[in-house]
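Heads up, the thing below is written out as structure tokens.
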Amino acid sequence: MKVKIVNKSSFPSPAYATELSAGMDVRANISEPEVLEPLCRAMIPTGLYISLPAGYECQVRPRSGLAAKHGITVLNTPGTIDADYRGEIRVILVNLSKEPFTIQPGERIAQLVVASHARVEWEETDSLDETARGAGGFGSTGTK
């Protein structure tokens, strides 16, 4: 699938790292290092603008290495970029560690996953069909 992209950053456009990767790394479009203090968040620009076809979204997800090694994640994960959005993609990063983290210019800060989605039409009703699970919610299916 071809997706139009405008890259106003001085860094490469997102690309798949391996043949079977689902996500493409996206880079911080900043001119100087930016310190993200513990428990603080920042909207990091990417310099990227995209045009998705109808029926698709672009999800902004954390990079596992940043999360595991430094406690840096995407705050509203997954962030959703709708097909009709034409503004700059920005990433809301949060530092969940106890140490400051410095974001470097061009650093890979998140990944983008393009996915199809369905649109629903609600059908109002007074009852739902029964299932074995029923109304069992968080933790109701056990621990093993």
Side-chain angles (χ1 to χ4, degrees), residues 1-31 34-98 101-144:
M1 175 173 77
K2 292 193 183 272
V3 173
K4 291 182 181 178
I5 184 169
V6 173
N7 184 349
K8 294 185 179 181
S9 80
S10 54
F11 305 106
S13 291
Y16 296 106
T18 68
E19 186 178 328
L20 299 178
S21 294
M24 297 171 275
D25 289 338
V26 63
R27 298 175 183 274
N29 186 36
I30 53 178
S31 56
E34 187 170 325
V35 177
L36 191 55
E37 297 293 337
L39 300 180
C40 289
R41 63 188 179 274
M43 287 186 57
I44 307 298
T46 66
L48 303 174
Y49 303 75
I50 61 174
S51 174
L52 294 167
Y56 287 86
E57 66 165 324
C58 183
Q59 299 173 1
V60 181
R61 298 182 183 181
R63 291 193 67 240
S64 58
L66 281 180
K69 295 175 186 173
H70 304 287
I72 305 300
T73 191
V74 176
L75 187 58
N76 63 326
T77 192
T80 296
I81 301 164
D82 295 308
D84 58 353
Y85 178 68
R86 293 297 182 269
E88 180 181 16
I89 296 173
R90 292 192 276 168
V91 178
I92 306 170
L93 289 183
V94 64
N95 182 352
L96 298 178
S97 77
K98 296 179 182 176
F101 179 79
T102 302
I103 304 163
Q104 299 295 332
E107 183 166 2
R108 296 175 299 157
I109 56 169
Q111 57 182 324
L112 303 179
V113 174
V114 175
S116 64
H117 65 83
R119 288 187 56 94
V120 300
E121 189 176 312
W122 296 115
E123 182 180 334
E124 299 278 340
T125 185
D126 292 327
S127 63
L128 302 175
D129 57 311
E130 294 294 325
T131 66
R133 182 176 185 172
F138 298 103
S140 66
T141 59
T143 58
K144 295 186 183 213

Within the distance-only criterion (no hydrogens, no angle test), does the side chain of R86 pair as donor or acceptor with the backbone N or O of A83 below 3.5 angstrom?
-> yes
Hey, what do you get for NZ (K4) to CG (L52), rounding to the nearest 0.5 Å?
-> 12.0 Å
How long is the span from the CG atom in L96 to the SG atom in C40, to the nearest 0.5 Å?
-> 11.0 Å
May I ask you to decide if I89's main-chain N or O and T46's side chain share a donor-acceptor pair within less than 3.5 Å?
-> yes
A115 backbone acceptor or donor facing E57 side chain under 3.5 Å = no
State whether the side chain of T125 and the backbone N or O of S127 hold a donor-acceptor pair below 3.5 Å, judged by distance alone.
-> yes
side-chain contact (heavy atoms from CB on, under 4.5 Å) between E37 and V35, worked out | CA-CA 6 Å; E37 297 293 337; V35 177; 3.4 Å; yes
Quick one: do Y56 and V3 satisfy side-chain contact (heavy atoms from CB on, under 4.5 Å)? Show the steps, please.
-> CA-CA 10 Å; Y56 287 86; V3 173; over 6 Å; no
Apply the test side-chain contact (heavy atoms from CB on, under 4.5 Å) to residues T73 and L93: give CA-CA distance (whole Å), side-chain angles for both, the deciding distance (0.1 Å), then the verdict.
-> CA-CA 6 Å; T73 191; L93 289 183; over 6 Å; no
Kindly give the heavy-atom pair with the smallest separation between T77 and R61, and that separation in Å.
-> OG1-CA, 4.0 Å
Minimum heavy-atom separation for P45 to R90, with atom names?
-> CA-CG, 3.8 Å
Polar side-chain atom of N95 near backbone of L36 as donor-acceptor pair, under 3.5 Å | yes
Roughly how far apart are E107 CD and I30 CD1, rounded to 0.5 Å?
-> 8.0 Å
Separation between OG of S51 and CD1 of I5, rounded to the nearest 0.5 Å | 11.0 Å
Between I109 and A28 the two heavy atoms that sit nearest each other are CG2-CB, 3.9 Å
Check whether any side-chain heavy atom of V113 lies under 4.5 Å from a side-chain heavy atom of P78, and answer yes or no.
-> no
How far does CZ of R41 sit from CG of N76, to the nearest 0.5 angstrom?
-> 11.0 Å
Do Q111 side-chain atoms and V60 backbone N/O form a donor-acceptor pair below 3.5 Å?
-> no
Contact summary for V114 and M24, nearest pair of heavy atoms = CG2-CE, 4.5 Å
On a heavy-atom basis, the closest approach of N7 and S9 is OD1-OG, 2.7 Å
Correct closest heavy-atom pair for V91 and A110 would be CG1-CB, 3.9 Å
Supply the atom-to-atom distance I72 CD1 to R63 CZ, rounded to the nearest 0.5 angstrom.
-> 12.0 Å
